[in-house]
Amino acid sequence: MAEVLPEKERAPRSGVLYLLLVLALCAALFASFFFGLHPSDPAVYALGFGGAAAASVLLYIVNRAFKQGAFGVDAIGLSLSAIGMSVALSSSPENVYKELICLAAGIAVYIVLTLFLRSGAGVRALRRPIAILGLALIVFALLTAESILGAKNWIRIAGISFQPSELVKIAFVFAGAAPLYSVFNKRNLIVFIAFSALCVGALVLMSDFGTALVFFTAYLVMAFMRSGSFAAVALSASGAGLAAAIAVGARPYIAGRFSSWGRAWELYNEGGYQQVRTMTACASGGFFGLGAGKGWFKTVFAADTDMVFGVVSEELGLITAFAAVIMVLLLAVCAVKSIDGEKGGFYAIAACGAAAIMLAQLALNVFGALDILPFTGVTFPFVSNGGTSLIASWGLLAFIKAGSVSGKRKAAPDEKA
């Protein structure tokens, strides 16, 4: 009869296996670049994937040192980031240092946030200040951000561009998650609804409708978990649907995207150009891909961000692209599993809210690029090229990790002070 190991002994063994799988992925991606392209300067690719591998080892050590439970959630984030590194090196290898800095910053945010979430007193004390900071950031963006392709969502400071709305996602989850004793408190729920309305309204005014839809999806999930009322969620959805219809009529370029939805091939020279190119790239890559860096689709504008599913499919194959999709779905499963008797309301709602944001982004990115949904221009978590998006993805992952850690926590935020 096989020996059944205690959970404390199984966790380190499975963690080592997860780490080895991540390191194997980094090695395989490096080999694909090195042997496929025969680059004159292989140090760029060695630096990129070597840095990703070193970050993986460091995160494993931190995970074990602070007893943060199983390494599975961490490994998914690292694997997706490795695929994102491949996209970044394929489209702009000269930015390898920027990508490594953003990856390091994202993992640092993840480590700090996961450790911070263990402190119930700290979470209680900072929930409102973080929410206010997030609201101030999105209002600042509304007033000062640059408009790119119709969406006013980029801020440039000292030559560095970033999207405040990406970072506000972390504050949004903080604001929406509630301690168990106040989950059904109407006053707190009304405050969250008002906060959500302000965030979504600001994004609509910025013409960032894709991100507004992501925020609204997370709001619906978190509001239902807090109220338990299908009627309230349905009313919110109906109101948002009416507002969206008005916005589509008021913004010609948004209406244009809806008019070409489902007719990309027919309207190739009008609104369907990007979707047709994405689908062609997916088909040309087949199951196993042309090889890292060998695709042509990366030269299309915004291919490595809004249409990154096409880049991954063409160069690394549909198998890898679908594996990336499945990994995000697994994060959602981890979030749902956090809803049990041992976890408090805060951890469960925060984990599900973070997962809802990731799933909404995933659906809009992949289905929008393939003309299954209207094209909205949002990122694929961890995979799309973009520093702010990568940092925000790691920040959201911290909530899922906190929800997945087994056992009760001392001074949980669900206990009254």
#### Entry: Ring centers of F33, F30 separated by less than 6.0 Å
no
### Query
Do Y60 and F71 make the cut of ring centroids closer than 6.0 angstrom?
yes
### Task
Verify the distance criterion only: is there a donor paired with an acceptor across the side chains of S389 and T379 at less than 3.5 Å?
yes
### Query
Are E315 and S90 linked by a side-chain donor-acceptor pair shorter than 3.5 Å?
yes
To the closest 0.5 Å, what do you measure between [atom1] ([X]) and [atom2] ([Y])?
{"X": "L362", "Y": "F382", "atom1": "CG", "atom2": "CZ", "answer": "12.0 Å"}
{"X": "Q163", "Y": "I391", "atom1": "CD", "atom2": "CD1", "answer": "12.0 Å"}
{"X": "I132", "Y": "F195", "atom1": "CD1", "atom2": "CZ", "answer": "9.5 Å"}

### Task
Please answer whether the main-chain N or O of V276 pairs with a side-chain N or O of T280 as donor and acceptor at a distance below 3.5 Å.
yes
### Message
Tell me whether S32 contacts the main-chain N or O of A292 through its side chain, where contact means a donor paired with an acceptor under 3.5 Å.
### Response
yes
### Message
Using the rule ring pair (Phe, Tyr, Trp, His ring centres under 6.0 Å), only one of F174, Y347, F116 pairs with F399; which is it?
### Response
F174
### Task
Report, as yes or no, whether the 6.0 Å neighbourhood of atom CZ on F192 holds more than 12 heavy atoms from other residues, nucleotides or ligands.
yes
### Query
By ring-ring contact (aromatic ring centres under 6.0 Å, His included), which residues pair with Y97, not counting sequence neighbours?
none
#### Entry: Non-neighbouring partners of F297 that pass ring-ring contact (aromatic ring centres under 6.0 Å, His included), sequence neighbours left out
none
### Query
So which pairs with a foot in residues 69-93 pass salt bridge (charged side-chain N to carboxylate O under 4.0 Å, His left out), sequence neighbours left out?
D74-K401
